[in-house]
Protein chains: 2
Amino acid sequence: RRKVNTKAKFQTIPNGHDKFLTDTFQLIMKEIVQKAGDRSEKVVDWKAPEELRALMDLEPKAVGESHEKLLSRLQDIIKYSVKTGHPHFVNQLFSSLDPYGLAGQIVTDALNTSQYTYETAPVFTLMEETVLKTMRDYIGYTEGNGIFCPGGSISNIMAMNCARFKMFPQTKKYGMFGLPPLVVYTSELAHYSIKKAGYLLGFGDDNVRLVKTDTEGRIIPEDLEKQIQETKDEGLTPFMVVATAGTTVFGAFDPIEKMAEISEKHGLWYHVDGAWGGGVLMSRQHRYLMKGVERADSVTWNPHKLLGVPQQCSCFLTRHVKVLQECHRADAKYLFQKDKFYDTSYDTGDKTFQCGRKVDVLKYWLMWKAKGSEGFEQHINRLFDNTRYMVEQLNKRDDFRMVVEKPDCTNVCFWYIPPSLRNMPEGPEFWDKLHKIAPKVKEGMIRDGTMMITYQPQKDLSNFFRLVLQNSATTYEDMDFFINEIERLGKDL
Amino acid sequence: RRKVNTKAKFQTIPNGHDKFLTDTFQLIMKEIVQKAGDRSEKVVDWKAPEELRALMDLEPKAVGESHEKLLSRLQDIIKYSVKTGHPHFVNQLFSSLDPYGLAGQIVTDALNTSQYTYETAPVFTLMEETVLKTMRDYIGYTEGNGIFCPGGSISNIMAMNCARFKMFPQTKKYGMFGLPPLVVYTSELAHYSIKKAGYLLGFGDDNVRLVKTDTEGRIIPEDLEKQIQETKDEGLTPFMVVATAGTTVFGAFDPIEKMAEISEKHGLWYHVDGAWGGGVLMSRQHRYLMKGVERADSVTWNPHKLLGVPQQCSCFLTRHVKVLQECHRADAKYLFQKDKFYDTSYDTGDKTFQCGRKVDVLKYWLMWKAKGSEGFEQHINRLFDNTRYMVEQLNKRDDFRMVVEKPDCTNVCFWYIPPSLRNMPEGPEFWDKLHKIAPKVKEGMIRDGTMMITYQPQKDLSNFFRLVLQNSATTYEDMDFFINEIERLGKDL
Ligand SMILES: Cc1ncc(COP(=O)(O)O)c(C=O)c1O
Ligand SMILES: Cc1ncc(COP(=O)(O)O)c(C=O)c1O
């Protein structure tokens, strides 16, 4: 009989690897966790793709390597990766390195299970149910359902799929072939995932109509009404309205209540994409921004954005109890046996188009237990307070100009105007030149590794900075630093 | 000026939390990692939903809790969660707790980034590219493209979307409304994600046609031909064929080469769903099972299944260089600015319908560097060797009967026939009674926590066990244990 060496490296068992795992843990503590609050560390040690490739030796080989070698590889990976937990990483709608979030991740990883049946994930099934219920309470739904999805784009896809099923249940059986074109409305400044959902579900680009926005970036309700009417006149069928609660760039909140009225009047599915802004619901001070959200048929809300939960953590919530199940069920007999000895209504697998589903709830739940709802509220309030401070400082300086005067959310959008452009008349040449400033400043900050702030054009606006305040450990001093650093990098452009 | 307490619990920064994180790490080491190889530990400490809910106090509260309290909660979570790394967890197409996989996860978590631009994930962008290229080499593609997806279901959705775009590029703009019904063919034993993809993309259940299989569970090519012809006769448009490389229950490999011929002849997109079986490509001994796979237009391959990589890790691979990009691009200006200072062709975001995308490559890559391709090969070979041993043992006993005599993959499907049924004629009554045996044995093993093996009916077959060998630390002794334990639990039924 064959002897089995449980320490053989090819085997998928951790026996004999305590030291390796402990060394890995110590490495992340030393190189990532303990440095996360240290402003003197670089945000990124930038290398261009070809340079980095040459440094890293990424190709898998036939023969395995020693623990020492692997640890030195991990060290390099950390060295050349972006430090998204650094307080000066304000580049995206995510950032931070929350300790409870991280602890929740580590436990999730070690338990390595899949969230489709109660049988394989008893604790996490109940935990998801409880967390989703509590989130629905924040929205104001008295009943409903929900599911964790791998990202807000997929939550938005879920919304479109539920909407279609609810309005045209026969599509599940026959597809969309017989139908007149179905039309979705969303903001011209909506996240591109709405367009992408439209491609994926077979609606097509032309049938995702973009509604005009005002100078703050919020949907103009009259234009929504007008477009719905026009669609009907064209002989097409309106079926879904998507409001954004916190747009990606400006952080604008569409008029949620007003759009609910319009959707109700026309009998359309009303989805609120709160992937970014949804977290404001947890602050008594700021939740007014989402007034009326309980009238939505469904909501996307990403705890991995405004609430600072680690990636990935996104929720799809709906006030319809049965739609998720009805729309997605395939009743696979191998997984959802009805003759199991427990109440199989706890099995969540048929609520989604996924099968295996990563556990994304524990990190969020652990943060919630650690901080309390009050902690999340303080977090949100701090972010808004930092935003107020940042806007004040920018307004004090002549070389900055706000793109949106009063941001709804914690996105601060502004131009930096270097001395060379300060006295130029604001004609096409000025805007052309200004357009080239942000990319250069960005290049400078990345090469120096001092901070990361993104920039983009929007509509007919020249490239501007979008600084996202999502890490509640950032301070007024950090705000001052961002401003001074942009001046340092841009003053000679 | 406000003083900032960087240790305030609400803040999303790990400063001051070293002890908590270290305690969490030690907890997983003690309660999960070090116990993973211990056969005397329970696989599950089973509680029914209501019982577990009462034990856990899952509701989030207003006020946060102490570190001590949180650690004791984590301890409970671990206690009542299924130990999927236990060698006697053979219930699903995933299991194991690979130490390198776990180390890769922990580093991924600490770096907490998103994989959409080179800017936010320089190392992981190149790492994905390299790993996907190497996987394509295993398939035999000389060129192509690919992307990591959150699960095999989503990889299959990706396949259907690429297929539609390639055959009917106008659908991206106009949707599917004008088209004649488009038909997909797959096995009657295919994974239900193909049906679900059909609902989601708007094809509808009726247009996902199920092809008959033989007694081993492999597609009968003649039936595929026949159904394609019938579809044409009905005036509908065939457009995609999906073969399965390792079916979910039987582990059958469809005739991949033969189906390639048929697809080519009719000009259809040919997808091979190797979510489960794809890993055999890494074994020189077993890769013949996928002969002809290089003729497929696309392949789904989940390293998180046969290769033992932790959840989630799934890849979509295609021999078409541009289709992913063309089919999904939305050119969001805020993220994929073309005036960035590096070569933005490295930005992967427009290859998918996701936006934020979790880093799933590092754990796989680290396992690969640690074990080498040879290690993965030994892993696969060991699984097949265990399968052979298991089948031999089952055949030696009178009270077991194989469902599939010679499994293609490492799924072992069999009935246990208790003494009470041993001498019954095999008529409807026998099969009815046998149908009730597996659920009862399953209940017994879960209540005792000794092992987890799933069961299901299939086609007209009564409930049978499906034991999945996916943990290469399982031994011949474990196989004997499974058999003896089923006898112990079932002998009085
Ligand atoms: C408004 C909005 N909706 C949806 C999304 C998509 O979320 P995810 O990146 O998690 O897919 C984003 C991402 O930035 C967003 O800003
Ligand atoms: C053959 C097959 N394809 C696809 C899938 C879906 O993979 P995932 O669970 O990662 O979504 C599975 C899952 O078991 C499968 O067995």
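Residue numbering restarts at 1 for every chain, and letters A, B, ... go by the order of the sequence lines. Every heavy atom of this structure was used, including side-chain atoms; hydrogens, water molecules and symmetry mates were not.
Residue B:Leu201 touches chain A through both its backbone and its side chain, counting heavy-atom pairs closer than 4.5 Å. With a 4.5 angstrom heavy-atom cutoff, B:Asp109 touches chain A via backbone and side-chain atoms both. Looking at B:Leu93, there are no atoms closer than 4.5 Å to chain A (heavy atoms on both sides), in backbone or side chain. With a 4.5 angstrom heavy-atom cutoff, B:Leu126 touches chain A via backbone and side-chain atoms both. If you measure heavy-atom distances from B:Leu111 to chain A, the contacts under 4.5 Å come from both the backbone and the side chain. Of the atoms belonging to B:Gln170, not a single heavy atom falls under 4.5 Å from chain A. Interface remark: B:Phe94 contributes side-chain atoms only to the contact with chain A (heavy atom separation under 4.5 Å). Only the side chain of B:Thr248 has a heavy atom closer than 4.5 Å to any heavy atom of chain A. Proximity to chain A involves both the backbone and the side chain of B:Phe203, based on heavy atoms less than 4.5 angstrom apart. Contacts of B:Leu27 with chain A are absent, with no heavy-atom separation under 4.5 Å from either backbone or side chain.
Chain A forms the most heavy-atom pairs under 4.5 Å with one residue out of B:Val44, B:Thr24, B:Asp205, B:Leu58, and that residue is B:Leu58. The most heavy-atom pairs under 4.5 Å with chain A, out of B:Met56, B:Lys440, B:Glu65, come from B:Glu65.
Going from atom CD of B:Gln311 over to atom CD of B:Gln105 covers 9.0 Å, rounded to the nearest 0.5 Å.
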